[in-house]
Amino acid sequence: MRASLDDILVAAQRWIEAGRGVAIATVVETWGSAPRPVGSHLVIDSAGDFLGSVSGGCVEGDVVTQALETIATGRGQMLEFGVADETAFRAGLSCGGRIRIDVRPLDPGILEALNVERAARRPCAIVTGLGSGAQRLVRAADLAADPLAKQLDERLRRRESGVEETEGGAFFLTVYAPPLRLIAIGAVHIAQALAPIATLAGYETIIIDPRTAFATVERFPGARLIAEWPATALAELGLDSAAAIVLLTHDPRIDDEALIAALREKCFYIGALGSRKTHARRVERMRAEGFGEAELGRIHAPIGLDIGATSPAEIAVAILAEIIDSLHRGSRAARSGRAA
């Protein structure tokens with residue numbers, strides 16, 4: 001059964017609190033056309049109920065069987081499935097790839113602390129010794145003191161789980177970054193097209209506009225609407241490295257409030273609608289606010305990838321494409337470096 005990460009881990013905590021044994025299966029490595037990315041989870045209880053996915057349905061049955069054994073014995077195990085594997089053929093792994101899945105009992109204390117961090121939108125990671133099986137939760141506030149601080153910092157920045165080989169052995173770093181948010185300043189036509197496609201792409205979509213005639217449920221079904229000035233709304237929401245901010249009103253009185261707030265935080269993307277001349281004036285206003293060239297260089301303007309977009313819908317596609325490009329740029333560079 002597919003479910004969001006929130007559903008999976010919160011449900012797992014409820015199962016433990018109800019007295020059930022629970023195991024967690026995690027994709028730790030993939031080769032070729034693996035159906036689910038590294039870090040994907042499946043949680044299984046002692047009754048055989050499960051949530052999540054480690055293969056899109058191909059090998060879940062076998063994983064559940066092994067997880068029930070893990071719950072009974074308390075011993076973790078490493079499973080591997082591939083197209084050449086007889087079990088995988090039976091299970092239906094026909095994509096041509098291979099996957100390694102770590103199955104282990106779910107530690108109640110770690111899970112509870114993990115869910116507290118995630119509910120507060122604080123990035124964190126679980127470090128698992130692949131040899132010893134020992135686990136620890138590393139909170140962002142404690143990152144600098146951890147022996148794997150450098151590796152954890154890089155993986156949290158890239159939002160990418162994976163195996164790290166060290167002199168002390170191999171460790172799997174399961175990264176839990178805050179859910180992605182797209183915050184649009186301005187309930188305009190472009191935002192109407194952008195909101196649904198951003199939601200489909202997995203972003204919590206928030207529309208901020210103090211003009212109540214624009215920010216209506218009829219114009220933005222399914223989106224979260226905040227009819228406040230950006231300074232007030234963003235102070236209440238909080239901004240972090242999982243936020244993308246798009247400025248769409250063309251009105252400096254509204255856009256500049258949001259831009260100042262975004263430049264003071266670690267938002268992974270800041271984009272602003274308008275011509276180069278409009279942006280030049282915007283930059284001068286931000287310099288007057290005390291921002292330097294490095295900070296101003298974070299602003300994507302004119303907003304969106306240059307794909308020749310003209311209509312609101314096309315511009316929305318260009319904006320979302322640029323946001324996705326910004327999000328994954330670090331991971332692409334890291335993969336290129338490993339390939340080299």
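The structure presented is a predicted model; accordingly, all values stated were derived computationally and were not measured.
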**Student:** Answer yes if the side chains of His279 and Arg276 hold a donor-acceptor pair under 3.5 Å, and no otherwise.
**Tutor:** no
**Student:** Can you tell me how far apart OH (Tyr203) and CG (Leu182) are? Round to the nearest 0.5 Å.
**Tutor:** 7.5 Å
**Student:** Scan side-chain atoms only and decide if Asp255 and Thr249 contain a donor-acceptor pair under the 3.5 Å cut-off.
**Tutor:** yes
**Student:** Output the distance between atom CG (Asp209) and atom CZ (Phe220), rounded to the nearest 0.5 Å.
**Tutor:** 8.0 Å
**Student:** Determine, using the 4.5 Å side-chain heavy-atom cutoff (strictly less than), whether Ile185 and Ile197 are members of one ILVMFWY cluster.
**Tutor:** no
**Student:** Following the transitive rule for hydrophobic clusters with a side-chain heavy-atom cut-off under 4.5 Å over Ile, Leu, Val, Met, Phe, Trp and Tyr, establish whether Leu156 and Phe171 coincide in one cluster.
**Tutor:** yes
**Student:** Testing Thr26, Thr30, Asp62, Val59 for side-chain contact (heavy atoms from CB on, under 4.5 Å) with Ile101, which one passes?
**Tutor:** Val59
**Student:** Charged N to carboxylate O below 4.0 Å: is that the case for Asp153 and Arg157?
**Tutor:** no
**Student:** Do the non-hydrogen side-chain atoms of Arg121 and Pro179 ever get within less than 4.5 Å of each other?
**Tutor:** yes
**Student:** Begin with the C-alpha distance, continue with both residues' side-chain angles, and end with the deciding distance and a verdict on salt bridge (charged side-chain N to carboxylate O under 4.0 Å, His left out) for Glu154 and Lys150.
**Tutor:** CA-CA 6 Å; Glu154 177 66 17; Lys150 182 179 178 181; over 6 Å; no
**Student:** Got Pro302 and Leu273 here, is their nearest side-chain heavy-atom distance under 4.5 Å?
**Tutor:** no
**Student:** Any side-chain to backbone donor/acceptor pair from Arg159 onto Pro178? Under 3.5 Å, distance only.
**Tutor:** yes
**Student:** Say whether, by atom type as modelled, one donor and one acceptor occur between the side chain of Glu265 and the main chain of Ala262 under 3.5 angstrom.
**Tutor:** no
**Student:** Out of curiosity, does Tyr176 fall in the hydrophobic cluster containing Ile110 (side-chain heavy atoms, cut-off under 4.5 Å, transitive links)?
**Tutor:** yes
**Student:** Within the 4.5 Å heavy-atom criterion, are Val38 and Phe172 side-chain neighbours or not?
**Tutor:** yes
**Student:** Should Val54 and His41 count as side-chain neighbours, where that means a heavy-atom distance under 4.5 Å?
**Tutor:** no
**Student:** Where do Ala272 and Ala301 come nearest, in terms of heavy atoms and distance?
**Tutor:** O-CB, 3.7 Å
**Student:** Going through the checks in order, is the side chain to side chain contact (heavy atoms under 4.5 Å, CB included) test met by Val63 and Phe81?
**Tutor:** CA-CA 10 Å; Val63 174; Phe81 300 94; 3.9 Å; yes
**Student:** Taking it one step at a time, do Thr278 and Arg281 satisfy side chain to side chain contact (heavy atoms under 4.5 Å, CB included)?
**Tutor:** CA-CA 5 Å; Thr278 296; Arg281 293 195 293 267; 3.6 Å; yes
**Student:** Please tell me whether Leu320 and Ile270 are part of a single hydrophobic cluster in this structure, the criterion being side-chain heavy atoms less than 4.5 Å apart.
**Tutor:** no
**Student:** Pair Asp49, Arg20 - check salt bridge (charged side-chain N to carboxylate O under 4.0 Å, His left out), show working.
**Tutor:** CA-CA 11 Å; Asp49 293 328; Arg20 306 186 206 177; 3.7 Å; yes
**Student:** Dump the intermediate steps for salt bridge (charged side-chain N to carboxylate O under 4.0 Å, His left out) on Arg75 and Glu69, then the final yes or no.
**Tutor:** CA-CA 8 Å; Arg75 293 194 299 270; Glu69 179 181 315; 5.6 Å; no
**Student:** Any donor and acceptor pair, going by atom type alone, linking the side chain of Glu204 with main-chain N or O of Leu180 inside 3.5 Å?
**Tutor:** no
**Student:** Less than 4.0 angstrom from a charged side-chain N to a carboxylate O is my criterion; do Arg285 and Asp256 meet it?
**Tutor:** yes
**Student:** Before you tell me yes or no, could you show the steps for Ser161 and Arg155 under side chain to side chain contact (heavy atoms under 4.5 Å, CB included), namely the whole-Å CA-CA distance, both residues' side-chain angles and the distance that decides it to 0.1 Å?
**Tutor:** CA-CA 6 Å; Ser161 301; Arg155 287 196 173 275; 5.7 Å; no
**Student:** Does Thr199 form a side chain to side chain donor-acceptor pair (under 3.5 Å) with Thr205? I'd like the steps, not just the answer.
**Tutor:** CA-CA 6 Å; Thr199 300; Thr205 306; 3.1 Å; yes
**Student:** Would you check if the side chain of Glu257 reaches a backbone N or O of Ala231 as a donor-acceptor pair within less than 3.5 Å?
**Tutor:** yes
**Student:** So does Arg282 get a backbone contact from the side chain of Arg287, meaning a donor-acceptor N/O pair under 3.5 Å?
**Tutor:** no
**Student:** Tell me if a side-chain donor or acceptor on Thr216 pairs with a main-chain N or O of Thr212 at a distance below 3.5 Å.
**Tutor:** no
**Student:** Does any non-hydrogen side-chain atom of Met78 lie less than 4.5 Å from one of Val28?
**Tutor:** yes
**Student:** On a heavy-atom basis, which atom in Arg181 and which in Gly238 lie closest, and how many Å separate them?
**Tutor:** NH1-O, 3.7 Å
**Student:** If you measure from CD1 on Ile315 to NE2 on His189, what distance do you get to the nearest 0.5 Å?
**Tutor:** 12.0 Å
**Student:** Any heavy-atom pair between the side chains of Ile126 and Arg136 that's under 4.5 Å?
**Tutor:** no
**Student:** Has the side chain of Gln192 got a donor or acceptor atom that lies under 3.5 Å from a matching backbone atom of Arg219?
**Tutor:** yes
**Student:** Between Arg329 and Asp325, is a side chain to side chain contact (heavy atoms under 4.5 Å, CB included) present by the stated rule, with each step listed?
**Tutor:** CA-CA 6 Å; Arg329 190 172 296 144; Asp325 178 68; 2.5 Å; yes
**Student:** Within the side chain of Arg98, is there an N or O that forms a donor-acceptor pair under 3.5 Å with the backbone of Trp31?
**Tutor:** no
**Student:** Do NZ/NE/NH1/NH2 and the carboxylate oxygens of Asp102 and Arg104 come within less than 4.0 Å?
**Tutor:** yes
**Student:** Between atom CG of Leu137 and atom CG of Asp107, what is the distance when rounded to the nearest 0.5 Å?
**Tutor:** 10.0 Å
**Student:** Would you say the side chain of Leu234 lies within less than 4.5 Å of the side chain of Ile208, judging by non-hydrogen atoms?
**Tutor:** yes
**Student:** I'd like to know if the side chain of Gln66 and the backbone of Leu79 have a donor-acceptor N/O pair within less than 3.5 Å.
**Tutor:** no
**Student:** Can Tyr269 and Glu322 be said to form a side chain to side chain donor-acceptor pair (under 3.5 Å), step by step?
**Tutor:** CA-CA 9 Å; Tyr269 176 87; Glu322 188 171 62; 2.6 Å; yes
**Student:** Quick one: closest heavy-atom pair of Ala191 and Gly186, and the distance?
**Tutor:** CB-O, 3.3 Å
**Student:** Same hydrophobic cluster for Val188 and Ile245, using side-chain heavy-atom links shorter than 4.5 Å among ILVMFWY?
**Tutor:** no
**Student:** Nearest 0.5 angstrom please: Asp45 CG to Trp15 CH2, how far?
**Tutor:** 5.0 Å
**Student:** Can you see which heavy atom on Leu68 is nearest to which on Ser46, and at what distance?
**Tutor:** CD2-O, 3.8 Å
**Student:** What's the shortest heavy-atom distance between Leu114 and Cys124, and which atoms?
**Tutor:** CD1-SG, 3.5 Å
**Student:** With no hydrogens and no angle check, just 3.5 Å: does a side-chain donor-acceptor pair link Thr232 and Glu228?
**Tutor:** no
**Student:** Lys266 and Asp240: salt bridge (charged side-chain N to carboxylate O under 4.0 Å, His left out), yes or no, with the steps?
**Tutor:** CA-CA 6 Å; Lys266 296 180 179 180; Asp240 53 36; over 6 Å; no
**Student:** When rounded to the nearest 0.5 angstrom, what distance separates CE in Met286 from CZ in Phe291?
**Tutor:** 7.0 Å
**Student:** Which pair of non-hydrogen atoms, one from Thr70 and one from Pro105, has the smallest distance, and what is that distance?
**Tutor:** CG2-CD, 3.5 Å
**Student:** Between the main-chain N or O of Thr310 and the side-chain N or O of Glu314, is there a donor-acceptor pair closer than 3.5 Å?
**Tutor:** yes
**Student:** Are the side chains of Leu239 and Ile183 in touch, meaning some heavy atoms are under 4.5 Å apart?
**Tutor:** yes
